[in-house]
Number of protein chains: 2
Amino acid sequence: MAVTLAEVAAHAGVSPATVSRVLNGGYPVAGGTRTRVEQAVEELGYVANGPARALAAATSDLVGVLVHDVADSFFGILAGSLQGALAPTGHGDPRRLAVVCNTEGAPAAELAYLTLLEGQRAGGVVLTGGAVEEPGHTGALTARVTRMAASGAPVVLCGRPPLPVPAALPVATVMFDDRGGAFRLAEHLLALGHRRIAYVAGPPGLSTTRERLAGHREALGLHDPALPEACEPLTVHAGFERSAGYDATRELLRRGAPFTAVAAANDTVATGVAAALREAGLRIPGDVSVAGFDDLPVCVDTAPALTTVRVPLREAGVLAAQLVTGRKPLPPGGITTLPTELMVRGSTAPPPAGGSRP
Amino acid sequence: MAVTLAEVAAHAGVSPATVSRVLNGGYPVAGGTRTRVEQAVEELGYVANGPARALAAATSDLVGVLVHDVADSFFGILAGSLQGALAPTGHGDPRRLAVVCNTEGAPAAELAYLTLLEGQRAGGVVLTGGAVEEPGHTGALTARVTRMAASGAPVVLCGRPPLPVPAALPVATVMFDDRGGAFRLAEHLLALGHRRIAYVAGPPGLSTTRERLAGHREALGLHDPALPEACEPLTVHAGFERSAGYDATRELLRRGAPFTAVAAANDTVATGVAAALREAGLRIPGDVSVAGFDDLPVCVDTAPALTTVRVPLREAGVLAAQLVTGRKPLPPGGITTLPTELMVRGSTAPPPAGGSRP
DNA sequence: CGGGTGATAGAAAGCGCTTTCTCCACCGGG
DNA sequence: CCCGGTGGAGAAAGCGCTTTCTATCACCCG
């Protein structure tokens with residue numbers, strides 16, 4: 001079967017303890033001894049037994065990555081860069097493995113996976129995506145996160161607001177400036193002359209939905225205090241899938257209230273919005289402007305290319321990896337906010353001259 | 001700290017062995033005893049220590065999922081459905097965790113991750129994406145896969161050809177009918193009247209590239225034995241990214257050899273192809289038809305919607321999960337080929353009447 | 001009516017590693 | 001010249017679980 005530590009020790013003529021120390025560092029080992037052990041490891045092709053290490057050390061090389069759904073590019077890109085950054089540059093470093101868990105955004109699934117990861121003695125956990133803001137769940141989540149962090153496993157909240165955990169614990173938050181991005185996007189639409197701006201928001205109760213909507217409204221209100229209220233009937237809550245955007249837009253069109261622009265919760269929803277508009281015979285951006293959020297790869301290939309807000313997913317993934325592995329110290333306050341950037345493309349233009357349609 | 005098996009045993013007034021048996025099944029436990037144990041587990045909120053189980057049982061609940069890159073929708077969708085299907089319907093079932101590893105298609109990374117997973121005593125491994133067909137690597141991979149399977153961890157090859165391992169081992173292969181799909185796509189182009197068909201192929205040496213190209217050429221040859229050779233100068237090898245399609249198309253245009261259609265290695269590449277053509281002032285499908293492969297979600301939102309070949313990624317993910325967990329018996333021969341389907345959309349049309357351009 | 005014969009439960013031996021705790025040599029200072 | 005220090009190595013005790021191997025009981029059949 002597999003080579004064990006003891007065999008390596010025997011081969012090198014030292015005790016198992018010494019081999020362990022050479023492999024894990026943090027304890028002085030004389031140069032000659034170290035060399036002999038390393039050679040034995042090499043010759044025997046020794047690969048440590050992960051579970052045994054985890055059992056003895058009470059922590060493993062596993063890093064849990066909770067996402068709403070990896071099939072969604074937003075999470076796929078985040079998880080991908082995170083996974084890549086988990087493998088450090090140095091060659092001998094212990095390689096962390098990413099355990100990705102699709103929660104579908106469901107609180108129960110989130111907690112269930114956290115339990116599973118705790119049982120696996122995961123060496124860290126990254127919670128990504130908007131948080132369900134519901135007192136009961138936030139409380140339960142905070143308790144779980146506190147417990148994990150207290151047991152030494154760093155927790156990184158990525159793309160969601162911080163949790164009220166004791167400051168001394170290894171819990172970091174990496175946020176996106178969703179609010180600012182939504183604000184600038186709305187400003188862009190206003191500057192183009194739009195006033196009747198529809199908004200296809202994400203699921204209610206989700207932090208991301210709240211932030212983006214807040215930024216959007218703030219911009220409207222700053223331009224004209226009456227605008228937020230005026231646009232209220234043009235706001236629809238939906239899911240984060242393409243079909244949600246499609247359905248919401250059909251509903252909007254059915255209602256008949258005129259609008260000249262639609263801002264969507266994210267790019268995927270925006271493609272659904274665009275499809276519904278096109279199907280209704282409306283031209284983009286001639287008749288109606290459309291904007292998304294996230295700047296997923298799809299944005300540049302839609303027709304027309306989608307105006308959106310870039311969210312630095314790759315950067316976030318790398319940062320989260322560095323934080324969860326402890327390679328990067330926690331920032332003071334534990335919170336890092338990554339900037340978002342308005343990406344103006346072809347899907348937004350001034351409203352039609354003849355007045356607002358439909 | 002965490003509740004242990006022994007504590008549950010004490011609470012239920014039985015021995016640890018009995019608790020273990022209730023939890024794992026496969027050994028008769030009297031109804032009353034079982035109930036008492038289950039109640040104790042419930043009351044104490046017991047969660048098994050994964051590493052300890054894995055150490056004692058020499059196998060874990062971890063399932064390795066090797067992908068080229070999760071950020072790529074192809075793999076994201078595959079990994080997502082696979083991960084979802086790993087969590088069985090029943091509630092008490094042991095939940096398998098998916099460890100996703102980005103190999104970037106690099107043989108060395110593939111082997112390195114396999115070693116890591118072996119060290120973790122993974123309960124199974126799924127290798128996805130085209131295989132690098134290089135004797136040395138195939139040999140090394142076969143050896144590794146054989147060893148893992150022999151130690152009891154099922155291995156599933158998904159979207160790649162089978163490996164020559166002993167038939168008795170738990171190794172299954174789930175393939176896509178890439179060749180057939182490419183064949184039908186080429187037939188479609190030929191039926192539209194195209195004769196000068198460019199092909200932006202994937203990286204050389206990859207099984208997927210080979211299969212798709214083979215199907216494509218087969219259709220050309222069947223239509224006119226001289227066609228494959230005639231189209232040879234219009235075939236370019238590139239990567240699987242959008243930029244590869246873009247660059248390859250620019251190169252094709254630069255060469256000046258006329259073509260009326262371009263078939264791309266996959267949808268992502270096709271979007272790059274389309275972008276380059278559009279940039280060159282060519283209309284799709286008016287001047288040049290474009291076709292992709294995979295039928296990723298992006299296909300329906302490009303302008304025009306992309307004609308492509310649907311590859312049943314979700315189905316494959318679910319099937320792979322069932323096979324790797326042993327929930328579904330290995331098919332005879334160990335190989336399952338999933339059908340692909342031609343999806344005709346707006347990006348393909350008859351070639352321009354005036355003759356082939358550019 | 002006694003010893004098979006199942007059906008259950010317990011004892012105990014690890015699984016392969018980490019990590020105290022101990023021990024040993026050898027060093028320099030008093 | 002002796003002794004406390006100190007760097008380096010080993011012994012051994014687990015970590016929490018699975019899994020033989022054994023030990024009990026009932027029973028049941030000849």
Side-chain angles (χ1 to χ4, degrees), chain A residues 1-38 40-41 44-62 94 116 118-123 151-153, chain B residues 1-38 40-41 44-62 94 116 118-123 151-153:
Chain A
M1 292 238 65
V3 181
T4 69
L5 223 220
E7 289 169 4
V8 173
H11 193 81
V14 299
S15 75
T18 302
V19 177
S20 171
R21 296 200 265 249
V22 168
L23 261 30
N24 299 308
Y27 191 91
V29 175
T33 316
R34 152 164 284 120
T35 310
R36 254 181 317 143
V37 170
E38 285 167 345
V41 165
L44 269 45
Y46 172 70
V47 175
N49 179 315
R53 271 168 62 108
L55 174 58
T59 181
S60 72
D61 293 339
L62 264 36
L116 238 42
E118 228 177 316
Q120 293 295 336
R121 299 291 181 274
S151 79
Chain B
M1 293 238 67
V3 181
T4 69
L5 223 220
E7 290 168 5
V8 173
H11 193 81
V14 300
S15 75
T18 302
V19 177
S20 172
R21 296 199 264 248
V22 168
L23 262 29
N24 299 308
Y27 190 92
V29 175
T33 316
R34 151 163 285 121
T35 310
R36 256 183 314 144
V37 170
E38 284 168 346
V41 165
L44 268 46
Y46 172 71
V47 176
N49 179 315
R53 271 167 61 107
L55 175 57
T59 180
S60 72
D61 293 340
L62 265 34
L116 237 42
E118 228 177 316
Q120 294 296 333
R121 299 293 181 273
S151 79

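Keep in mind it's a predicted model, so treat the numbers as computed, not measured. Note on naming: letters A, B, ... go to the chains in the order of the sequence lines (proteins, then strands), and numbering restarts at 1 for each one. Values below: all heavy atoms of this structure, side chains included; hydrogens, waters and symmetry mates excluded.
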**OP:** Determine, step by step, whether B:L62 and A:L62 satisfy the side chain to side chain contact (heavy atoms under 4.5 Å, CB included) criterion, reporting the C-alpha distance in whole Å, the side-chain angles of both residues, the deciding distance to 0.1 Å, and the verdict.
**Re:** CA-CA 10 Å; B:L62 265 34; A:L62 264 36; 3.7 Å; yes

Original post:
Out of curiosity, A:N49 CG to B:E118 CD, how far, rounded to the nearest 0.5 Å?
Top reply: 11.0 Å

**OP:** Could you pick out which residue, B:R121 or B:P28, lies toward the 5' side of DNA chain C when each is mapped onto its nearest nucleotide?
**Re:** B:P28

Original post:
Counting only N and O atoms by type, is there a donor-acceptor contact under 3.5 Å from the side chain of B:S60 to the main-chain atoms of B:R121?
Top reply: yes

Subject >> Contact nearer the 5' end of DNA chain D, comparing B:V47 with B:Y27 >> reply: B:V47

Original post:
Heavy atoms, side chains only, cut-off 4.5 Å: are B:Q120 and A:D61 in contact?
Top reply: yes

List the atom pairs, with distances to 0.1 Å, where a side-chain N or O of residues 21-32 of chain B and a protein N or O form a donor-acceptor pair under 3.5 Å, not counting sequence neighbours.
residue	atom	partner	partner atom	Å
B:N24	OD1	B:R53	NH1	3.4
B:N24	ND2	B:S20	O	3.0
B:N24	ND2	B:S20	OG	3.2

Original post:
Taking 5' to 3' order, which nucleotide of DNA chain C is first and which is last to have an atom within less than 4.0 Å of a heavy atom in chain A?
Top reply: C:dG16 to C:dT20

**OP:** Check each residue of residues 17-24 of chain B for a non-hydrogen atom within less than 4.0 Å of any atom in DNA chain D, then write out the ones that pass by number, or none.
**Re:** B:A17, B:S20, B:R21, B:N24

Subject >> Of B:N49 and A:T33, the one whose closest DNA chain D nucleotide lies more 5' >> reply: A:T33

Original post:
In Å and rounded to the nearest 0.5 Å, what is the CG to CG distance from B:L44 to B:L5?
Top reply: 11.5 Å

Original post:
Between A:A12 and A:V37, which heavy-atom pair has the shortest distance, and what is it?
Top reply: CB-CA, 4.0 Å

**OP:** For residues A:E7 and A:T4, determine if any side-chain heavy atom of one lies less than 4.5 Å from a side-chain heavy atom of the other.
**Re:** yes

